[in-house]
Amino acid sequence: MTIQLTKTAIAVLLLATFSAPPLAKSHDQLPDIGTSADGTLSIGQEWAMGDFYVRQLRASAPLIHDPLLTQYINQLGNRLVASAYSVRMPFHFYLVRNDEINAFAFFGGNVVLHSALFRVSDNESQLASVLAHEISHVTQRHLARAMEDQQRQAPLTWVGTFGSILLAMVSPTMGMAALSSTLAGTQQGRISFTQSNEQEADRIGIQVLQRAGFDPQTMPAFLQKLSDQSRYASKPPEMLLTHPLPDNRLADARNRANQMPKHLIQSSQDYLMAKVRSLGMYSTEGALTDEQLNTYSQGNEREQLAAKYGHAILLYEAKKYDEARHILQPMLAQNPKNLWLLDLMVDIDIGQKRAAQAIARLEAANTAQSNNVVLQLNLANAYVEGNQPAMASKMLNRYTFDHPNDPNGWELLAQASAAQGLRDEELAARAESLALTDKLDQAIGLLSNASSLQKLGSLKQARYDARIDQLRQLQQRFRQYQRH
C-alpha cells in the first residue's frame, strides 16, 4: 500500500531540511527596507504558488527529463544554495530544451535554465554564476517584494502578476515584458525596478559563487560575453531582454569580483560530461562539433575523457552502436563507477536488444550505489525492456514514493503495469503523470476508472478514492492562481 504525505507535511519536512542555520548578521541578507514581503505573500503561499506554476511549466515547456542532467544541475544548484543566506525554502532546478540563452527563477525556489547555457558557458564557474544570480532573486524575494509594492499602489491589480509570471515561464521574453507592465506604471519605473533587482542579484550572487568555491571573476566574464554577443548580433541574447545589462551593472560586477581572491578553478568532470551530453543529445543538429571535441581531446585528463564520451554519444545518436561500444568499453573498464559512461553503455545495450546484458550490468552497479536515481531509473527501464515488468514495478513503487514529482518514474510504472495487465495500476500511474502537468480533471477521471475496477470497499479502492480527494483539494487551492 502506498502512503501519500500531504503537501503540507512535505513542505514542512523540506523546509526543515533545507533552511539555512540562523546567522548573526550577514552581508548578503535582505537590506532593511521596511518589508520582508511577508505582508503580501508568506513563505507557505509562495511555496504553494511555486507548486502550481511548476506544473504549468511541465505542461508548457520542453523540459529535459534526462536523469543525468537533472541530477547534475540540482547538485550544482544545491551546492550554491548551501552557501547562500536567507534560504527559506528548498530549491529545485529544471533544464529546458531551448537554444536561446536564458535562465529565470520563480516562486517556491524554482530555477529554470535553458540548455543553451551549456553551449555558451566556457567553464563550470560561468554556469554556476548564472545559477547563483537566479538563486539570489529567490532568496531576496524579488517577486514577492514586487507584488507587495504593486498591492500598495493598486490593490485590485496585483493578482495580475500571476498570469504574467506563467507567461514568463513559457516564453520568458514575452512574460517578463508583461510582468514589468503589470508591476509598474511607467517605462522608466519598469527599467529602474528591473535594474535594481538585477544588481542586487549580482551582488548577492557573486558572494554565493565565491563561498561555494567557484571563480567570482566568471560572473563579469559571462556578462561581458553576453554584452559582446549583443553588440554584434541583429538582436540581443534573450537573457539580456529578461535581465537588462547596462554598463553600470557590468562595471559593478567586475569591481566586486576584483576585490575577491583570484583562484584558477578547473571545471569538474561532471560539468564537462553534462556539456557534451547536452550538446550531443538535446541541442540543434551539429551543436556538438568536431572542433569542440578536438579541443577537449588535447586538454587535461578530464577534458580528454569528455571528448571520448562526446564521440561515443554522436555514434550512439547515429545508431552506430558497435562503434560507440568500441569507444566506450575501455573507458568504462577504467571508470566502472562513472554514471555518464554506464548510462550510455546501457542505452547501447538496449539499442542492440541486449536488455539482459544491461540488467546484469546495472544490478551489479546498483548493489554498490543503491540510492542513486540514475541507476534506479535505468534498471527499471531495463527490466521493462527485458520483459521483467514485475521486477520493474517492485522498484518503481518504491521510487515513485521517494520521488513523486519525477515524471520518469510514473511513465515507467505505467508501462510496467500495462505489461502485466494491471489496468487499474496503469491508470493510477498515468493519473499521477497528468497531475504533475496540472491536468487534474483528467487525472481524477483516470483514478475514478481505476477505483471502479476494484472490489467495493477494498484497500486499493480506498487508496484511489483518497487520492481523488487529495487532487480535488489541490484543484480548490489552485483556483486562486488561475488567470481570469
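Interatomic distance, Arg58 CZ to His65 NE2, rounded to the nearest 0.5 Å: 7.5 Å. With rounding to the nearest 0.5 angstrom, the CD1 atom of Ile350 is 4.5 Å from the CG atom of Asn381. The OG atom of Ser129 sits 11.5 Å away from atom CD of Gln217, with the distance rounded to the nearest 0.5 Å. Atom CG of Leu95 sits about 4.0 Å away from atom CD1 of Ile64, to the nearest 0.5 Å. A distance of 5.0 Å separates OG1 of Thr218 from CG of Leu209, quoted to the nearest 0.5 Å. To the nearest 0.5 Å, atom OG of residue Ser393 and atom CG of residue Leu412 are 10.0 Å apart.
Note on ring orientation: taking the six-membered ring where Trp is involved, the planes of His137 and His133 are perpendicular (angle over 60°, cut-offs 30° and 60°).
A distance-only check finds a donor-acceptor pair linking the side chain of Arg119 to the backbone of Asp99 [under 3.5 Å]. At distances below 3.5 Å, not a single donor-acceptor pair connects side-chain atoms of Glu46 with backbone N or O atoms of Phe107.
With hydrogens and angles left out, the side-chain atoms of Asp406 and Tyr399 include a donor and acceptor closer than 3.5 Å.
Between Asp51 and Arg477 a salt bridge is recorded (basic side-chain N to carboxylate O distance below 4.0 Å).
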Between side-chain atoms of residues 269-282 and protein atoms elsewhere (two or more places apart, or another chain), which donor-acceptor pairs fall under 3.5 Å?
residue, atom, partner, partner atom, Å
Gln269, NE2, Arg302, O, 3.0
Asp270, OD1, Trp340, NE1, 2.8
Tyr271, OH, Ser121, O, 3.1
Tyr271, OH, Ser121, OG, 2.8
Lys275, NZ, Phe118, O, 3.3
Lys275, NZ, Ser121, O, 2.6
Arg277, NE, Asp66, OD1, 3.4
Arg277, NE, Asp66, OD2, 2.8
Arg277, NH1, Tyr309, OH, 2.9
Arg277, NH1, Asp343, OD1, 3.4
Arg277, NH2, Asp66, OD2, 3.1
Arg277, NH2, Asp343, OD1, 3.0
Tyr282, OH, Asp66, OD2, 2.7

